[in-house]
Structure formats: structure tokens, C-alpha cells
Amino acid sequence: MGPGIIAIGLAAAGLFVHVGSVVIVATRLTGRDPPLSPSFRPKVSLVRPVCGIEYRIEDEIASSFALSWPNLEILFCVEEEDDPIVPVVRRLIEAHPEADARLVIGRDVVGANPKLNNVIKGWHASSGEFVIISDSNALLPETYVEDLLSRWQDDTGVASHA
């Protein structure tokens, strides 16, 4: 067997492996997750740390109130009462009286990370079976909670949604 035949054989094998992996990835990407059982609707706490005014912040915070999950607690966490975001959050909470939403104010220092220090009070105040922590500058899709919980299995510790 000459070197040309060996090279052709290796190239064909490489092509076969590449095409096979593309088919597998495409199948997984287009496959739909099974819908959540209608009976699986635990209380979920959404913790959103807020601080200061950012571009489009009102729209991003307001997306918390448009989530389709029926049993949702929304906790906005801020360190200072005089933070400029506080009136925005209060106005949105007042505009959605049907929502189980509140603003948690205070400084809890648990480490060197300011965001973790801001989030921890929401974690302690949460009453949900599941707790979702989402930055205030994220525009949440309506099915955000369903998307996260659809990935949950008995051996899952954390789920992430980009």
C-alpha cells in the first residue's frame, strides 16, 4: 500500500468522524425538551440584585413580572435605601400588585464579593423550593423559569441559562 492510499483512507475516516459528530450535534440541538409535567409547579424564588441605574434597566427589571411561571416570588436586593434604583423597583412592584414581589434592603457582608453580599439577603428571604439568581441587567424571556427547570434532574446541583 502506497502513501497516497493511506492518506486517502485517513482523510476518509476523518471525514466520516466529522460528519458523524455534526449529525449528532444537529440532532441534539433540534430535539425538543419534554414539557414539564403540569403537576411540577413548585414555588420558585427569583432573586435579582440591583444597584444603580443602567441602560434599559427598567425594561430588564420589568421582564421579571412577565414570566409565565404561576408560583413565583420575586426578590429585588439592594444595599442602600437611597440607591437611585429603589424608586424604579418600587414603581414596578406597585404597577404589578398581582405579583409576589418585594424589595429587600440592607448590607450583609459575607465575603469580598459585593454582588454576593447583595444577593445573600435575597437567598435568606426566599421561600421557594428553587432559587434563581439573575442579574438585573438581563432581559428575561417569558419562559425563563420553565427553561431552567426543564434541565433539572435528580442529580442536578445548578442549572444555568444564558
Side-chain angles (χ1 to χ4, degrees), residues 23-162:
V23 168
I24 290 170
V25 168
T27 301
R28 289 187 179 176
L29 287 178
T30 58
R32 300 194 61 89
D33 292 325
L36 293 174
S37 162
S39 63
F40 183 67
R41 295 288 184 249
K43 184 170 187 178
V44 172
S45 297
L46 174 63
V47 176
R48 297 198 79 177
V50 294
C51 180
I53 301 292
E54 301 174 30
Y55 177 71
R56 294 195 63 202
I57 191 68
E58 190 161 349
D59 293 336
E60 291 157 343
I61 293 173
S63 68
S64 306
F65 297 97
L67 298 176
S68 59
W69 195 256
N71 197 4
L72 182 67
E73 169 186 52
I74 306 167
L75 301 163
F76 298 100
C77 303
V78 67
E79 287 194 350
E80 302 291 337
E81 175 76 38
D82 63 352
D83 190 295
I85 195 63
V86 168
V88 175
V89 173
R90 286 197 168 126
R91 184 173 59 251
L92 286 168
I93 290 172
E94 289 173 12
H96 298 89
E98 74 289 352
D100 178 9
R102 65 186 186 277
L103 179 62
V104 185
I105 302 172
R107 182 182 305 268
D108 296 339
V109 178
V110 295
N113 185 311
K115 188 170 287 188
L116 180 59
N117 291 338
N118 195 10
V119 165
I120 194 69
K121 70 182 138 295
W123 177 268
H124 290 300
S126 67
S127 62
E129 185 177 336
F130 291 87
V131 178
I132 297 173
I133 299 171
S134 177
D135 280 341
S136 61
N137 64 350
L139 189 60
L140 306 179
E142 183 180 337
T143 59
Y144 183 62
V145 177
E146 289 90 333
D147 294 345
L148 280 168
L149 292 184
S150 71
R151 298 295 184 183
W152 198 264
Q153 299 175 8
D154 290 339
D155 62 349
T156 303
V158 174
S160 179
H161 186 292

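Computed from heavy atoms alone, side chains included, the values below leave out hydrogens, waters and symmetry copies.
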Practice task
Kindly indicate, with the supporting measurements, whether the criterion side-chain contact (heavy atoms from CB on, under 4.5 Å) is fulfilled by Leu72 and Asp100.
Solution key: CA-CA 7 Å; Leu72 182 67; Asp100 178 9; over 6 Å; no
Practice task
Decide whether Arg48 and Ser64 meet the rule of one side-chain donor and one side-chain acceptor closer than 3.5 Å.
Solution key: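 The criterion, which ignores hydrogens and geometry beyond distance, is satisfied for Ser64 and Arg48.
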Where is the tightest heavy-atom contact between [X] and [Y], given as atom of each residue plus distance?
{"X": "Arg56", "Y": "Leu139", "result": "NH2-CD2, 4.1 Å"}
{"X": "Ile53", "Y": "Val88", "result": "CD1-CG2, 4.0 Å"}
{"X": "Ser127", "Y": "Ser45", "result": "N-OG, 3.3 Å"}
{"X": "Leu92", "Y": "Glu58", "result": "CD1-O, 3.9 Å"}
{"X": "Glu54", "Y": "Ser136", "result": "OE2-OG, 4.0 Å"}
{"X": "Val110", "Y": "Asn117", "result": "N-OD1, 2.8 Å"}

Closer than 3.5 angstrom, by distance alone: can the side chain of [X] be matched with the main-chain N or O of [Y] as a donor-acceptor pair?
{"X": "Lys115", "Y": "Pro49", "answer": "no"}
{"X": "Asp83", "Y": "Cys51", "answer": "no"}
{"X": "Asp135", "Y": "Ala138", "answer": "no"}

Practice task
Start with the C-alpha distance between Leu67 and Glu142, add both sets of side-chain angles, then the distance that settles side-chain contact (heavy atoms from CB on, under 4.5 Å), and finish with yes or no.
Solution key: CA-CA 4 Å; Leu67 298 176; Glu142 183 180 337; 5.6 Å; no
Problem - CA sep, side-chain torsions, deciding dist, call: Glu73, Val44, side-chain contact (heavy atoms from CB on, under 4.5 Å) - result: CA-CA 6 Å; Glu73 169 186 52; Val44 172; over 6 Å; no
I want to check something: taking the side chain as every heavy atom from C-beta on, are [X] and [Y] in contact at a cut-off of under 4.5 Å?
{"X": "Leu140", "Y": "Ser134", "answer": "yes"}
{"X": "Glu146", "Y": "Leu149", "answer": "no"}
{"X": "Cys77", "Y": "Val47", "answer": "yes"}
{"X": "Val78", "Y": "Ile85", "answer": "yes"}

Practice task
Please determine if Lys43 and Glu129 form a salt bridge, counting it only when a charged side-chain N lies under 4.0 Å from a carboxylate O.
Solution key: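 So Lys43 does not pair with Glu129 through a salt bridge.
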Exercise for the section: State whether Arg107 and Glu80 are salt-bridged, where the test is any N-O pair (Lys NZ or Arg NE/NH1/NH2 against Asp/Glu carboxylate O) under 4.0 Å. Expected result: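 Result for this pair is yes, salt bridge flagged.
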Exercise for the section: May I ask you to decide if the ring planes of Phe130 and Trp152 are parallel, tilted or perpendicular, using 30° and 60° as cut-offs? Expected result: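 Perpendicular, since the angle between the ring planes exceeds 60°.
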Handout entry: Flag if over 12 foreign heavy atoms under 6.0 Å of CG, Asp155
Key =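 Correct, the count exceeds 12.
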Nearest-0.5 Å distance, [atom1] of residue [X] to [atom2] of residue [Y]:
{"X": "Leu75", "Y": "Arg102", "atom1": "CG", "atom2": "CZ", "value": "4.5 Å"}
{"X": "Ser63", "Y": "Ile61", "atom1": "OG", "atom2": "CD1", "value": "8.5 Å"}
{"X": "Leu103", "Y": "Arg90", "atom1": "CG", "atom2": "CZ", "value": "5.5 Å"}
{"X": "Ser126", "Y": "Lys121", "atom1": "OG", "atom2": "NZ", "value": "13.0 Å"}

Exercise for the section: Check whether the ring centres of Trp69 and Tyr144 lie less than 6.0 Å apart, and answer yes or no. Expected result: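 Centroid separation for Trp69 and Tyr144: 6.0 Å or greater.
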Practice task
Give the C-alpha distance, both sets of side-chain angles, the deciding distance and a yes or no for side-chain contact (heavy atoms from CB on, under 4.5 Å) between Trp123 and Val131.
Solution key: CA-CA 7 Å; Trp123 177 268; Val131 178; 3.7 Å; yes
